[in-house]
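Here the structure is laid out as structure tokens; the discussion comes afterwards.
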Amino acid sequence: MASSNLICDTESWKELRAHVDDINNTHLRDLMNDTNRCQSMMAEFDGILLDYSRQRATLDTLNKLFNLAEAARVKEKIIRMFNGEHINSTENRSVLHVALRAPRDAVMNSDGKNVVPEVWHVRDKIRNFSERVRSGTWVGATGKTLIDVVAIGIGGSFLGPLFVHTALQTEPEASECARGRQLRFLANVDPIDVARNITGLNPETTLVVVVSKTFTTAETMLNARTLREWISSALGPQAVAKHMVAVSTNLKLVEQFGIDPNNSFAFWDWVGGRYSVCSAVGVLPLSLQYGFPIVEKFLKGASSVDQHFFSAPFQKNIPVILGLLSVWNVSFLGYPARAILPYSQALEKLAPHIQQACYSNVFAWVSIDGVPLPYQTGEIDFGEPGTNGQHSFYQLIHQGRVIPCDFIGVVKSQQPIYLKDEVVSNHDELMSNFFAQPDALAYGKTPEQLQKENVPEHLVSHKTFSGNRPSLSILLPSLNSYNIGQLLAIYEHRVAVQGFVWCINSFDQWGVELGKSLATQVRKQFHASRKKGGFVEGFNFSTKTLITRYIEASADVPSDPSTLLPNI
């Protein structure tokens, strides 16, 4: 296929490539002195303020990026996504996670059918079921109220809901609604994760939610069988139907597992795993913990950003601006990583969620048409809440390699603290760092400044900060369920914009398939060796040596074991 299909062959891309030299001759110290530039590099929507003036970019850079978006037909691709066209071409699917939070009267079609009524049918079913469980109308096998929930899922079925749950735990309204209840997430097939999740729980008061679209995901189903045994051994096999429900479309396997198909909650092929938190995948366990009204506000927050993304001009469109800046930093300035730095402990699981959303969706070596890419895509995301990160890796981002940073701050703390005679409140102390760090990265500190401060000459080079390190700041008015939904949608659409510009498919995930298929071969070898004492074969020398050592060193594992569950 001809390389002329690639975005790098357009005049807009070539103009940006030539423009890099201009930027390399400019320092952020000088750019930040231009008040008009800084004022123009702010965008606001529904109380959310984005300040991207500390990016290594001028207004000319932005104009060139908007031209690039036009050359990549980003607006057309957004419309196609919202219209339910099969933009996930490698899997021949629509990409309609926006329909999961659309108003009841919205029309969003996939394959000629409006999917919104189906979405609301499932939402109404979740509302009804969660209210019955929370009120004690639905009880366990022994008549006790189900106050503890374990959600079993992995990847997008785990990290997205965990992010939202962690963010809601300390939100006053949500925490009050969750009083006396527990929500835990079991993802890793490691038996230690099982042990940690069931420790302290009573099977009589526990409801398990199994999340697997096909009901065949290897890790999830092994964990599901493990918790089924935990429930059955304590309460009898008949208790499974009262203590386990499913989020799946495979009703046959759900029933064979022992779960009543009426207690299975659907989602659809047009919902990618990384975008599934607004489906039953996240809405069911979160509604059981916090009540459906809290989760509904979260969905409305996400929907508000969906409409902003769809309708706002690009110059004021927060997800579009963020996506274009990521393309600029990765493909033109050559920065391979991005630090996500929320100055709120409630957002501690944001970076892991964005990691899997980004890694699975905007790292590609071929275009959507299968053409090898001559430019880099995707960034390595990592992060920690401030101020913890400042005492961990901030020396790297200040004096080591250049890593663009997303600073996320909140005006009103979920849990304000005031101490008499303190200079500032705890939240003001936190936010002092939020406002200071971007300037420290941008301006740095010169040897001349240090000499004026009488720093000993032998320490000047050690205390010099080069500055010119890009960042952006997102300031949220608060961190309630509505704002959490907005933040989620901003990052989801940012990923989509990156993929639209790079001309890659941001919605498939073939990169995870190879390792899984090879693990199947190892699993068969374990079975043969444990059951029949078979020799390790069919692997290269290194892998064969490692597997042989593992099997020999764990020879005490019985070939036909009786059930053994964790005991902590």
Side-chain angles (χ1 to χ4, degrees), residues 150-159 162 184-201 203 208-234 244 248 253 256-258 273-274 349 351-353 355-356 358-360 363 365 380-382 508-568:
V150 178
I152 304 176
I154 199 163
S157 300
F158 158 60
L159 289 164
L162 178 64
R184 301 182 182 184
F185 292 91
L186 172 56
N188 200 335
V189 74
D190 187 339
I192 292 171
D193 204 15
V194 176
R196 289 177 173 177
N197 269 278
I198 65 176
T199 296
L201 295 187
V208 177
V209 179
V210 183
V211 182
S212 176
K213 184 182 291 186
T214 62
F215 232 59
T216 58
T217 309
E219 304 98 321
T220 296
M221 295 318 300
L222 180 54
N223 279 335
R225 291 191 294 273
T226 302
L227 287 212
R228 180 180 63 183
E229 183 63 30
W230 177 66
I231 291 167
S232 298
S233 62
M244 299 188 81
S248 179
L253 290 185
Q256 289 177 2
F257 185 87
R274 274 70 183 167
K349 295 301 181 181
H353 175 53
Q355 277 178 353
Q356 59 95 31
C358 183
Y359 291 178
S360 297
F363 276 96
W365 74 279
I380 301 167
D381 287 311
F382 69 98
D508 63 9
Q509 53 185 62
W510 300 110
V512 305
E513 297 299 324
L514 178 58
K516 286 161 62 173
S517 65
L518 294 178
T520 300
Q521 183 181 352
V522 179
R523 189 182 303 117
K524 291 177 180 178
Q525 179 65 61
F526 283 163
H527 179 78
S529 297
R530 300 286 194 204
K531 297 288 186 182
K532 306 171 185 177
F535 292 105
V536 177
E537 54 188 4
F539 302 92
N540 62 55
F541 175 81
S542 296
T543 304
K544 178 180 179 179
T545 302
L546 288 169
I547 292 175
T548 301
R549 172 66 66 88
Y550 172 76
I551 291 173
E552 290 175 350
S554 59
D556 57 333
V557 174
S559 60
D560 189 19
S562 55
T563 296
L564 174 66
L565 293 171
N567 182 23
I568 297 181

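All residue numbers in this chain count up from 1 along the given sequence. Below, all heavy atoms of this structure are taken into account, side chains as well, without hydrogens, waters or symmetry copies.
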> So, do I231 and R228 sit near enough that their side-chain heavy atoms are less than 4.5 Å apart?
Replying inline: no
> Does a sphere of radius 6.0 Å around NZ in K532 hold more than 12 heavy atoms from other residues, nucleotides or ligands, not counting ones at 6.0 Å or beyond?
Replying inline: no
>> In the structure I gave you, are the side-chain heavy atoms of V150 and I198 within less than 4.5 Å of one another anywhere?
In response: no
> Which heavy-atom pair separates A187 from I154 by the least distance, and what is that distance?
Replying inline: O-CD1, 3.5 Å
>> On a heavy-atom basis, which atom in N188 and which in D193 lie closest, and how many Å separate them?
In response: N-OD2, 2.9 Å
> For F535, what residues pass the ring pair (Phe, Tyr, Trp, His ring centres under 6.0 Å) criterion, not counting sequence neighbours?
Replying inline: none
>> To the nearest 0.5 Å, what is the distance between CZ on R225 and CD1 on I152?
In response: 10.5 Å
>> Please give me the minimum heavy-atom distance between F382 and A351, naming the atom from each residue.
In response: C-CB, 4.3 Å
> Where is the tightest heavy-atom contact between V210 and M221, given as atom of each residue plus distance?
Replying inline: CG1-SD, 4.3 Å
>> If you compare all heavy atoms of T220 against all heavy atoms of V211, which two are closest, and at what distance to 0.1 Å?
In response: CG2-O, 3.5 Å
> Can you find a heavy atom in the side chain of L201 that is under 4.5 Å from one in the side chain of W230?
Replying inline: yes
> Is L227 close to V194 at the side-chain level, that is, under 4.5 Å between some pair of heavy atoms?
Replying inline: yes
Between side-chain atoms of residues 553-568 and protein atoms elsewhere (two or more places apart, or another chain), which donor-acceptor pairs fall under 3.5 Å?
residue, atom, partner, partner atom, Å
S554, OG, R530, NH1, 3.1
S554, OG, R530, NH2, 2.9
S554, OG, Y550, O, 2.7

> Is the backbone of F539 close enough, under 3.5 Å, to the side chain of Q525 for a donor and an acceptor to pair up by distance?
Replying inline: no
> Should we count NZ of K213 as having more than 12 external heavy atoms under 6.0 Å?
Replying inline: yes
>> In the structure I gave you, are the side-chain heavy atoms of V522 and L518 within less than 4.5 Å of one another anywhere?
In response: no
> Distance from S542 atom OG to I547 atom CD1, nearest 0.5 Å?
Replying inline: 11.0 Å
> M244 versus F257: any side-chain heavy-atom pair under 4.5 Å?
Replying inline: yes
> Which of these passes side-chain hydrogen bond (donor to acceptor under 3.5 Å, both in side chains) with H353: K349, Q355, Q356?
Replying inline: Q356
> What residues form a side chain to side chain donor-acceptor pair (under 3.5 Å) with N223, not counting sequence neighbours?
Replying inline: none
